[in-house]
2 protein chains.
Amino acid sequence: MSSDLPNTSRSLPIALLRARERVMRPVRAILMDVGITEQQWRVLRVLEEEGPQDPTRIADGACLLLPSLTRILQKLEEKQLISRQPDPDDGRKQIVNITANGTRIIRDNLGASQAVFEGIQAKMGAERYELLLDLLNELYRDTSN
Amino acid sequence: MSSDLPNTSRSLPIALLRARERVMRPVRAILMDVGITEQQWRVLRVLEEEGPQDPTRIADGACLLLPSLTRILQKLEEKQLISRQPDPDDGRKQIVNITANGTRIIRDNLGASQAVFEGIQAKMGAERYELLLDLLNELYRDTSN
DNA sequence: AATTTATTATTAACATGTGAAATTAATTCG
DNA sequence: CGAATTAATTTCACATGTTAATAATAAATT
């Protein structure tokens, strides 16, 4: 009963790539209307959910490398969606905050992006959707760095 | 019995991102020794498996956008890992070939990259590994463009 | 046949991914 | 205290992702 998939469909890297593309394409369209990129959105979400924090922790939470994050924070600061302060306890660190503007952008568009995920969940079935998340997390957790 | 995962672990885009990172990091290390990137490797693999074809089909098979592929083909041509001919039947198209050098690079390193996937399969168990691939392909197939 | 429309490949412009090197500040050691 | 080491962040260089615009050819329409 299998449909016609490319013969690379059993390649794990490519299958992950394709699935991710399907999920993110509609979300990116939503974000483009707001004027922010997918990565900028991830950073704002982490700050909005977990509060002020240093770049290293943001990079971990948003799944970004630090050199990328540095540039993204510069852009977000220009747009006045975040602000930064030096860490009083450690002169090497800084503390990044989300601004009121940033918070508003996230909250105003949370529903639209959630709807995309719920649409996928509806097509796959909630059970298989959760199973997919379990397997992805298992792969992430059990694989050595 | 769940382990300590980030609270973004139930976010499908981030879970896909993290899993993909885990899979590709060791593969990228292998390819870096050969002097080619992950995307260049995907292009060569498609050509080696499916034979000479036009850029549009390569882009589909290697999961790349055409503007990216254009640059990648230029690099691969400089490295003499591919060659190109105009399509005699359609002046807009061209036909891309993998060279003997390109074929050799792929075949010499196929085993090392396969070993990475087999390592993941061993840790997850073959059954759950296949299930993950099924679910990823289901997501890809059933989701509207 | 001339005009329009669609397809293919490229280029442009901006943002990010990635690994290595450089920078700055904190900590440790002699 | 001063040099070496470690840690956090940034910069650098190159490659790719992404959308829009362009050029060339093919196909369709009138």
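Below, read A as the first sequence line, B as the second, and so on, with proteins coming before strands; counting in each chain starts at 1.
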Phosphate OP1/OP2 of D/dT10 contacted by A/R84 side-chain N/O (<4.0 Å): yes

Side-chain touch A/L132/B/L136, heavy atoms, less than 4.5 angstrom: yes

Below 4.0 Å: OP1/OP2 of C/dA15 and any side-chain N or O of A/Q74: no

Expected output: side-chain B/R20 to main-chain A/L16 donor-acceptor under 3.5 Å: no

Residue met sooner reading DNA chain D from 5', once B/D89 and A/T56 are mapped to nucleotides: A/T56

Nucleotide nearest A/R25 when distance is taken to its side chain, options C/dA20, D/dT9, D/dT19: D/dT19

Close side-chain approach of B/V43 and B/V96, heavy atoms under 4.5 Å: no

Heavy-atom side-chain proximity of B/P55 to B/L73 below 4.5 angstrom: yes

Any B/T70 side-chain nitrogen or oxygen under 4.0 Å from OP1 or OP2 of C/dT11: no

Gap between atoms CD and C1', on A/E38 and C/dG17 respectively (whole Å): 12 Å

Nearest-angstrom distance from the residue atom CG of A/L66 to P of D/dA7: 15 Å

Closest heavy-atom pair and its distance - A/L133, B/L12: CD2-CA, 3.9 Å

For atom CZ of A/R57 and atom P of D/dT9, their distance in whole Å: 12 Å

Any A/R92 side-chain N or O less than 4.0 Å from OP1/OP2 of C/dT23: no

A/Q94 CD to C/dT24 P, straight-line distance once rounded to whole Å: 15 Å

Interatomic distance where CG belongs to A/D87 and C1' belongs to C/dA26 [whole Å]: 12 Å

Distances for protein N/O vs nucleotides 13-17 of chain D N/O pairs under 3.5 angstrom?
residue, atom, partner, partner atom, Å
D/dT16, OP1, B/T37, OG1, 2.9
D/dT16, O3', B/Q39, NE2, 3.1
D/dG17, OP2, B/S68, OG, 2.8
D/dG17, N7, B/R71, NH2, 2.8
D/dG17, O6, B/R71, NH1, 3.1

Interatomic distance, A/E77 CD vs C/dA15 C1' [rounded to whole Å]: 18 Å

Nearest-Å distance for atom pair CD/P, residues A/Q53 and D/dA8: 15 Å

Protein-nucleotide distance (B/I36, atom CD1; C/dT18, atom P), rounded to Å: 16 Å

Pair A/R10 + B/D134: basic N to acidic O under 4.0 Å: yes

Within-4.5 Å side-chain heavy-atom neighbours: A/V46 and A/Q53: yes

